[in-house]
Amino acid sequence: MQVAHLTSAHPRDDVRIFLKECRSLSRSGYAVTLIVADGLGNDTRDGVDILDVGRPAGRLDRMLSTTRRVLRQAIDLDADVYHVHDPELLTICLALKRRGKRVVFDAHEDVPKQILGKHYLQPMLRRAIAWVFACYERYVCGRLDGVIAATPTIRQKFLSINANSQDINNYPLIGELNVETEAGQRANEVCYVGGIAAIRGVREMIRALELAQPDIHLNLVGAFVESDVEKEVQGYPGWQRVNAFGVLGREGVRNVMARSFAGLVTLHPTPNYIESLPIKMFEYMSAGIPVIASDFPLWRDIIEGSECGVCVDPLDPRQIARVIDELARDPSRSQKMGENGRKTVMERYNWAIEEGKLRAYYAQLATMKK
């Protein structure tokens, strides 16, 4: 069975799309093609054919002409199953269905909730946009062959829209980030890995540095989403204690985690984040470092249940700084939390388990009528 994964917004080496889903399906015997829009040309990696429709000139171009190029490439490929990854590509899903194809939407986020968290929009406007998108999402996804959700909460939402909804959680690859580092051998550094934005707590992280012990630094890995926020935080006194690495490959991410004594995931309490399962939290656990996380009920259950970190008020730099200092002063406690987190990932929160669910889902798709 030939499978095509479609994305107009994600890079070709996206962790969820390529490293996990595409490679897992290829190893399971499917002929897998990944259609991307990054301008890096066609390629074949790990048994996955990559077809590039060209980099968009901007966001509007991505949503309009790039979407059409992805559809044309998808039609030319003539695959059996199309696995669609971006909300803007919902517009082409029904066109593929009309050609007798099996189509699955991969919901990485709860987009209506994500829209409600965009505080730069006027409240009534964002509620209106969220409602319109939710109606559109329901209309399209109810006519597809299934929905794959990145979290159980997102799956629960889609079950009322499409009965063939399954959560395939974005948990770490076993062993990918493991580096054995003894207590006391890590640098006096904490890390944050992922997209950098105000809503993801960058202001509070830098302010916390200003209040923490003067020899503690922050390893910041990722790209800034907002240029104005980037310029603002670079003017904070705490920025002098930031190691800004930009975007790193997987080996670079592993090396940064190996030298850090804790990982930060202090996202703001928005509707989209409160019930999310951020991959960075589980990657910190997999790397064997304690997690300093927002005190959301779901996250607290995971972190306190595993005894692998500390939950804090993400809007309170003083509380974040206090926990950073406590873990810095007690390497043996940090080491034990890291070991607990790694053990929990090995037992419960890993891609090997999710890969089995993905294979079962695709086996079911193969038996469905077009």
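In this chain, numbering begins with 1 at the start of the sequence shown.
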Q.
Can you confirm whether the side chains of Asn188 and His217 place a donor and an acceptor under 3.5 Å from each other?
A. no
Exercise. With no hydrogens and no angle check, is any side-chain donor or acceptor of Arg254 less than 3.5 Å from a backbone partner on Asn178?
Worked result: no
Q | Any donor-acceptor N/O pair, Asp325 side chain to Gln213 backbone, under 3.5 Å | A | yes
> Do you reckon Leu211 sits in the same ILVMFWY cluster as Met205, going by side-chain contacts under 4.5 Å, direct or chained?
Replying inline: no
For this session: Answer whether the closest heavy-atom distance between the side chains of Lys157 and Asp110 falls below 4.5 Å.
Result: yes
Check your understanding: Going by atom types only, do Tyr273 and Arg200 share a side-chain donor-acceptor pair under 3.5 Å?
Key -> yes
- Message: Within the 4.5 Å heavy-atom criterion, are Val140 and Leu94 side-chain neighbours or not?
- Response: yes
Side chains of Ile216 and Ile324: does their closest heavy-atom pair fall under 4.5 Å?
yes
Between Glu204 and Arg207, is there a side-chain N and carboxylate O pair less than 4.0 Å apart?
-> no
Item to complete: Check whether NZ of the Lys or CZ of the Arg Arg102 lies under 6.0 Å from the centre of the six-membered ring of Tyr82 and within 45 degrees of that ring's axis.
Response: no
When rounded to the nearest 0.5 Å, the distance separating CG of Asp316 from CZ of Arg322 is 8.5 Å
So, Asn340 and Ser306: side-chain donor and acceptor under 3.5 Å apart, yes or no?
no
Separation between SG (Cys311) and CZ (Phe296), nearest 0.5 Å, reads 9.5 Å
Open item on the list: So does Glu176 get a backbone contact from the side chain of Arg250, meaning a donor-acceptor N/O pair under 3.5 Å?
Closed with: no
Interatomic distance, CG@Leu96 vs CG@Leu89, rounded to 0.5 Å, equals 9.5 Å
request  = Report yes or no: do Arg69 and Thr66 form a side-chain donor-acceptor pair below 3.5 Å?
outcome  = yes
Note: Arg99 and Ala95 closest approach over all heavy atoms is NH1-O, 3.1 Å
- Task: May I ask you to check whether Tyr362 and Tyr30 place their ring centers less than 6.0 Å from one another?
- Result: yes
To the nearest 0.5 Å, atom CG of Asp49 lies from atom OG1 of Thr33 at 4.5 Å
Is the backbone N or O of Ala9 less than 3.5 Å from a side-chain atom of Thr7, with the two atoms forming a donor-acceptor pair by type? yes
Using the salt bridge (charged side-chain N to carboxylate O under 4.0 Å, His left out) rule, take Asp145 and Lys101 through it: C-alpha gap first, then chi angles, then the decisive distance, then the call. CA-CA 9 Å; Asp145 297 279; Lys101 303 300 182 180; over 6 Å; no
Here the pair of heavy atoms bringing Phe245 nearest to Arg259 is CZ-NH1, 3.7 Å
Practice prompt. Verify, without hydrogens or angle tests, whether Asn350 (side chain) and Val345 (backbone) share a donor-acceptor contact under 3.5 angstrom.
Written response: yes
Note to self: Does any part of the side chain of Ser65, heavy atoms only, come nearer than 4.5 Å to the side chain of Pro56, both counted from C-beta?
What the structure shows: no
Is any side-chain heavy atom of Ile196 closer than 4.5 Å to one of Leu220?
yes
### Query
Taking the side chain from Ser334 and the backbone from Leu327, do they hold a donor-acceptor pair closer than 3.5 Å?
yes
Is there a donor-acceptor contact under 3.5 Å linking the side chains of Thr67 and Glu88? no
Q: For Gln240 and Tyr236, test the side chains for any donor-to-acceptor distance below 3.5 angstrom and give the result as yes or no.
A: no
Can you check salt bridge (charged side-chain N to carboxylate O under 4.0 Å, His left out) on Lys280 and Glu283, steps first, answer last? CA-CA 5 Å; Lys280 62 176 67 65; Glu283 289 186 340; over 6 Å; no
In terms of heavy-atom contacts, Ala208 and Ile320 come closest through CB-CG2, 3.7 Å
Between Lys113 and Glu275 the two heavy atoms that sit nearest each other are NZ-OE1, 2.9 Å
ask   = Can you check salt bridge (charged side-chain N to carboxylate O under 4.0 Å, His left out) on Arg45 and Asp43, steps first, answer last?
value = CA-CA 7 Å; Arg45 297 184 187 176; Asp43 198 2; 3.3 Å; yes
CA sep, side-chain torsions, deciding dist, call: Val265, Val291, side-chain contact (heavy atoms from CB on, under 4.5 Å):
CA-CA 7 Å; Val265 54; Val291 181; 3.6 Å; yes
Strictly below 4.0 Å, N to O, side chains only: are Glu347 and Lys343 in salt-bridge contact?
yes
**Prompt:** Relative to Tyr361, does Arg359 satisfy both conditions: NZ or CZ under 6.0 angstrom from the six-membered ring centre, and within 45 degrees of the ring's axis?
**Reply:** no
- State plainly whether the residues Asp38 and Arg12 are in salt-bridge range, i.e. N to O under 4.0 Å. yes
Original post:
If we ignore angles and hydrogens, is there a donor and acceptor under 3.5 Å between the side chains of His85 and His108?
Top reply: yes
* Asked: Are side-chain heavy atoms of Leu277 and Asn169 found at a separation under 4.5 Å?
  -> yes
inquiry  = Is any side-chain heavy atom of Cys141 closer than 4.5 Å to one of Leu90?
reply    = yes
Counting N and O atoms only, with roles assigned by atom type, does the side chain of Trp351 sit under 3.5 Å from a partner on the main chain of Arg16, one being a donor and the other an acceptor?
-> no
Tell me whether Leu298 is reachable from Phe282 by hopping between hydrophobic residues (I, L, V, M, F, W, Y) whose side-chain heavy atoms are closer than 4.5 Å.
yes
Does the Asn255 side chain pair with the main chain of Ala258, one donor and one acceptor, at a distance under 3.5 Å?
no
Practice problem: Run the numbers on Ile129 and Leu121 for side-chain contact (heavy atoms from CB on, under 4.5 Å), then give the verdict. | Solution: CA-CA 10 Å; Ile129 294 172; Leu121 296 175; 4.2 Å; yes
| query | Between the main-chain N or O of Ala150 and the side-chain N or O of Asn170, is there a donor-acceptor pair closer than 3.5 Å? | reply | no
Under a single-linkage definition using a 4.5 Å side-chain heavy-atom cutoff for Ile, Leu, Val, Met, Phe, Trp and Tyr, are Met285 and Ile279 assigned to the same hydrophobic cluster? no
Would you say the side chain of Glu326 lies within less than 4.5 Å of the side chain of Arg333, judging by non-hydrogen atoms? yes
Between Val103 and Tyr139, is there a shared hydrophobic cluster once you connect ILVMFWY residues whose side-chain heavy atoms come closer than 4.5 Å? yes
With the 4.5 Å side-chain cut-off for hydrophobic clustering, are Leu116 and Val111 part of the same group? no
Closest non-hydrogen contact found for Ala79 with Ala4 is CB-CB, 3.9 Å
| field | CA sep, side-chain torsions, deciding dist, call: Val229, Val202, side-chain contact (heavy atoms from CB on, under 4.5 Å) | value | CA-CA 9 Å; Val229 173; Val202 66; 3.7 Å; yes
I would like to know whether Val53 and Val36 meet side-chain contact (heavy atoms from CB on, under 4.5 Å); could you show each step before the answer?
CA-CA 6 Å; Val53 302; Val36 298; over 6 Å; no
Has Gln73 got a side-chain atom pairing as donor or acceptor with Asp52's backbone, closer than 3.5 angstrom? no
**OP:** Begin from the C-alpha positions of Asp46 and Arg27 and carry the test salt bridge (charged side-chain N to carboxylate O under 4.0 Å, His left out) through to its verdict.
**Re:** CA-CA 9 Å; Asp46 297 339; Arg27 288 194 298 267; over 6 Å; no
Closest non-hydrogen atoms of Ala244 and Trp239, given as atom of the first, atom of the second and distance, are CB-CZ2, 4.1 Å
- Task: Run the numbers on Glu189 and Ser260 for side-chain hydrogen bond (donor to acceptor under 3.5 Å, both in side chains), then give the verdict.
- Result: CA-CA 5 Å; Glu189 299 167 353; Ser260 305; 4.8 Å; no
